[in-house]
Amino acid sequence: AGLLSTAPVILSVLAPTTHHRYGVDATSTLLRGTLWSVPATMAFALVVATTATAIGGLAAVAAGLVCLVAVDRLMTLGRSRLRAHDRVAP
């Protein structure tokens, strides 16, 4: 919960600053990117937290990175399918 709760705090500074300097499109990209990255970040933290004592810190981080990349790829695949679906006329 602590890892997830930092995102709104950081975004409460970054979003208004980005909006002021670069506009709505940049702010939307910042927020969208943050939301899309949360599942992979949480998967990494979960794997490391649950396996560190059993398999050691370095192995837990390696496993967490593998999980992070896998979840990120799944999110990217899902995002590309959503974009393709949006372009098809009903």
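Bear in mind that the values here come from a model prediction, so they are computed numbers and not experimental data. Side chains included, hydrogens not; waters and symmetry mates left out as well; all remaining heavy atoms used. Index from 1, following the sequence.
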Measure the spacing between CG of Leu14 and CD1 of Ile10 and express it to the nearest 0.5 Å.
7.0 Å

I'd like to check Leu65 versus Phe44 (side-chain heavy atoms, cut-off strictly below 4.5 Å). Are they in contact?
yes

Rounded at 0.5 Å granularity, tell me how far SG in Cys67 sits from CE in Met42.
11.5 Å

Crowded around Leu77 CG? As in, over 12 foreign heavy atoms under 6.0 Å?
yes

Is any side-chain heavy atom of Val9 closer than 4.5 Å to one of Ser5?
no

Which pair of non-hydrogen atoms, one from Val13 and one from Thr17, has the smallest distance, and what is that distance?
O-OG1, 2.9 Å

Applying a strict under-4.5 Å side-chain criterion to I, L, V, M, F, W and Y, I'd like to know whether Val61 and Leu68 cluster together.
yes

Quick check for you: to the nearest 0.5 Å, what is the distance between Leu31 atom CG and Leu11 atom CG?
6.0 Å

Taking all heavy atoms of Thr18 and all of Thr27, pick out the closest pair and write down the distance.
C-OG1, 3.6 Å

Do you reckon Val48 sits in the same ILVMFWY cluster as Val69, going by side-chain contacts under 4.5 Å, direct or chained?
yes

Rounded to the nearest 0.5 Å, how far apart are OG1 of Thr41 and CG of Asp72?
9.0 Å

Minimal non-hydrogen separation, Ala43 against Val71, with atom names
CB-CG2, 3.8 Å

